[in-house]
Amino acid sequence: IVDTITDSVIVIDEHGIIQLVNPAVTQLFGYRREELIGHSINMLMPSPEHDRHDGYLRRYCATGEPHIIGEGREVVALRKDGRRLPIYLAVGELGHDGPHRFVGIIHDLSPRRQAEERLILLSSAVEQAPAGILITSLKGEIEYLNAGFTRLTGYTAEEVIGRNLFAANSVLPAIAGNASLCWRLLSVREWCGELADRRKTGEAYWASVTFSLIQDKQGVAMRLLGRFQDITQQKRDQEALAESEERFSEVARMVGEW
């Protein structure tokens with residue numbers, strides 16, 4: 001069992017000398033079994049734990065006062081190549097008769113740490129994105145909005161989380177009552193368009209909007225994702241250009257007639 005489990009198992013004596021390791025230990029730390037057996041467990045610890053561990057063991061063997069023995073916690077370990085590893089370490093004593101022996105069960109936390117770092121990075125990117133981002137349930141209940149959406153509409157997260165995007169009191173009046181958009185998205189997967197709407201202050205604005213589905217690994221729809229880009233100035237520029245072209249055409253017509 002010890003040889004086949006994916007977690008690392010190390011047994012040490014009362015002096016901290018490694019007595020047994022399973023194959024997972026060699027894979028995790030990069031040492032061969034022969035490089036570990038008979039050597040101090042300190043070789044797998046960075047400072048300052050490297051310098052304190054022997055004292056912990058001596059105190060426990062003399063007084064029974066534990067440091068981490070009998071419990072588990074997150075600590076940092078040291079690979080052969082010098083790289084530090086976040087691990088979850090649980091330590092227990094093997095029996096109570098005769099010389100002390102201790103077993104450590106080690107779970108590598110690196111994949112979880114990497115996933116957490118990616119999540120933090122993605123969260124920061126979404127939160128700091130210049131475009132407005134909105135996430136709702138498939139029924140339209142608002143679950144998340146970023147600072148960009150607040151800048152666009154004037155509504156804060158506290159004001160809109162839990163409200164329905166398609167309800168009569170929607171923060172986007174232009175799509176209020178348009179719950180059928182959800183069902184269209186289930187078939188077309190994405191909808192793009194332009195919305196003329198009003199901010200919380202009543203000021204009119206234009207937004208380029210894309211609604212798409214958030215799906216799980218099996219392709220099952222889970223959430224709606226809305227992306228909003230303020231195009232008010234572009235619309236004003238287009239209107240101004242259209243007015244200029246209309247005036248130019250009128251002047252040209254008048255000159256032609258003259």
Chemist: Looking at Glu143 and Arg163, is there a salt bridge between them, counting it only when a charged N and a carboxylate O are closer than 4.0 Å?
Modeler: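 Salt bridge between Arg163 and Glu143, a charged N being under 4.0 Å from a carboxylate O: no.
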Chemist: Does the distance from a Lys or Arg side-chain N to an Asp or Glu carboxylate O, for Arg199 and Asp230, drop under 4.0 Å?
Modeler: yes
Chemist: For a 4.5 angstrom cut-off between non-hydrogen side-chain atoms, does Leu134 reach Leu225?
Modeler: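 They are not in contact (no side-chain heavy atoms under 4.5 Å apart), so the answer is no.
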Chemist: Taking the side chain from Gln19 and the backbone from Ile17, do they hold a donor-acceptor pair closer than 3.5 Å?
Modeler: yes
Chemist: Quick one: CG on Asn42 to NE2 on His39, what's the gap to the nearest 0.5 Å?
Modeler: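 Rounded to the nearest 0.5 Å, the CG-NE2 separation comes out at 13.0 Å.
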Chemist: Test of understanding: clusters of I, L, V, M, F, W, Y form through side-chain heavy atoms closer than 4.5 Å, transitively. Do Tyr88 and Met45 belong to the same one?
Modeler: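 No, separate clusters.
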Chemist: Show the nearest heavy-atom pair for residues Thr26 and Arg33, with the distance to one decimal.
Modeler: CG2-N, 3.7 Å
Chemist: Between Leu224 and Leu213, what is the shortest heavy-atom contact and its length?
Modeler: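 In this case the closest contact between Leu224 and Leu213 is CD2-CD2, 3.4 Å.
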Chemist: Could you give the distance from CG (Leu172) to CG (Leu195), rounded to the nearest 0.5 Å?
Modeler: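 One gets 7.0 Å once the value is rounded to the nearest 0.5 Å.
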Chemist: Check the side chains of Glu127 and Tyr144 for a donor-acceptor pair under 3.5 angstrom, ignoring hydrogens and angles.
Modeler: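 Yes, Glu127 and Tyr144 have a side-chain donor paired with an acceptor closer than 3.5 Å.
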Chemist: State whether the side chain of Asn22 and the backbone N or O of Ser8 hold a donor-acceptor pair below 3.5 Å, judged by distance alone.
Modeler: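 No, Asn22 side chain to Ser8 backbone: no donor-acceptor pair under 3.5 Å.
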Chemist: Measuring from Glu203:CD to Asp197:CG, what's the distance to the nearest 0.5 Å?
Modeler: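 One gets 12.0 Å once the value is rounded to the nearest 0.5 Å.
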Chemist: For Ala131 and Gln229, which heavy atoms make the closest approach, and how far apart are they?
Modeler: CB-OE1, 3.6 Å
Chemist: Is it true that Glu194 and Lys235 make a salt bridge, defined as a side-chain N closer than 4.0 Å to a carboxylate O?
Modeler: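 Here Glu194 pairs with Lys235 in a salt bridge, since their nearest N and O are under 4.0 Å apart.
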Chemist: Hey, does the side chain of Ser124 reach the backbone of Ile120 with a donor-acceptor pair shorter than 3.5 angstrom?
Modeler: yes
Chemist: Classify the ring geometry of Trp191 against Phe211: parallel below 30°, tilted from 30° to 60°, perpendicular beyond 60°.
Modeler: tilted
Chemist: Kindly give the heavy-atom pair with the smallest separation between Phe102 and Asp13, and that separation in Å.
Modeler: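 The answer is CD1-O, 4.0 Å.
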Chemist: Within a strict 4.5 Å, meaning less than it, do heavy atoms of the Leu78 and Leu44 side chains meet?
Modeler: no
Chemist: Heavy atoms only: give me the nearest Val160-Tyr155 pair and the separation to one decimal.
Modeler: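 Taking Val160 first and Tyr155 second, the nearest heavy atoms are CG1-CB, 3.7 Å.
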Chemist: Does the side chain of Arg227 come under 3.5 Å of the side chain of Ser212 through a donor N or O and an acceptor N or O?
Modeler: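 Yes, Ser212 and Arg227 have a side-chain donor paired with an acceptor closer than 3.5 Å.
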Chemist: What I'd like to find out is whether the side chain of Val25 reaches to under 4.5 Å of the side chain of Gln27, using heavy atoms alone.
Modeler: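 Counting from C-beta outward, Val25 and Gln27 never come under 4.5 Å.
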Chemist: Is the side chain of Thr150 donor-acceptor paired with the backbone N or O of Gly154 at a distance under 3.5 Å, no angle test?
Modeler: no
Chemist: Are the side chains of Leu145 and Ile161 in contact, using a 4.5 Å heavy-atom criterion?
Modeler: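 Touching, per the 4.5 Å side-chain cut-off.
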Chemist: For the pair Asn146 (side chain) and Ile133 (backbone), establish whether a donor and an acceptor sit closer than 3.5 Å, ignoring hydrogens and angles.
Modeler: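 At least one qualifying donor-acceptor pair exists.
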Chemist: With side chains defined as the heavy atoms from C-beta onward, is the minimum distance between Arg118 and Leu121 less than 4.5 Å?
Modeler: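 Side-chain contact under 4.5 Å: no.
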Chemist: Taking C-beta and beyond as the side chain, do Ile106 and Ile10 meet within less than 4.5 Å on heavy atoms?
Modeler: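 Yes. Closest side-chain heavy atoms under 4.5 Å.
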Chemist: Between Glu159 (side chain) and Thr156 (backbone), is there a donor-acceptor pair under 3.5 Å?
Modeler: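 Between the backbone of Thr156 and the side chain of Glu159 there is a qualifying donor-acceptor contact (under 3.5 Å).
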Chemist: Ignoring hydrogens and angles, tell me if any N or O in the side chain of Asp3 forms a donor-acceptor pair with the backbone of Ala24 under 3.5 Å.
Modeler: no
Chemist: Is there a side-chain contact between Ile87 and Val76 in this structure, where contact means two heavy atoms from C-beta onward sitting under 4.5 Å apart?
Modeler: no
Chemist: Would you say Asn164's side chain and Lys139's backbone share a donor-acceptor pair under 3.5 angstrom?
Modeler: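 Yes, because the side chain of Asn164 sits within donor-acceptor range (under 3.5 Å) of the backbone of Lys139.
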Chemist: For Phe149 and Phe228, run ring pair (Phe, Tyr, Trp, His ring centres under 6.0 Å): C-alpha distance rounded to whole Å, both residues' side-chain angles, the deciding distance at 0.1 Å, then the answer.
Modeler: CA-CA 7 Å; Phe149 188 84; Phe228 301 79; 5.3 Å; yes
Chemist: Minimum heavy-atom separation for Glu93 to His100, with atom names?
Modeler: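 What the structure gives for the nearest pair is OE2-ND1, 2.5 Å.
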Chemist: What is the distance from atom CD of Gln234 to atom CG of Asp237, rounded to the nearest 0.5 Å?
Modeler: 8.0 Å
Chemist: Set out, in order, the CA-CA distance, both residues' side-chain angles and the distance that settles side-chain hydrogen bond (donor to acceptor under 3.5 Å, both in side chains) for Gln215 and Arg189, then state yes or no.
Modeler: CA-CA 10 Å; Gln215 305 172 69; Arg189 303 291 173 175; 3.1 Å; yes
Chemist: Do Arg79 and Arg84 have side-chain heavy atoms sitting under 4.5 Å apart?
Modeler: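 With C-beta onward as the side chain, the pair stays apart.
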Chemist: Ion pair present between Glu74 and Arg113, side-chain N to carboxylate O less than 4.0 angstrom?
Modeler: yes
Chemist: Thr136 side chain to Ile142 main-chain N or O, any donor-acceptor pair under 3.5 Å?
Modeler: no
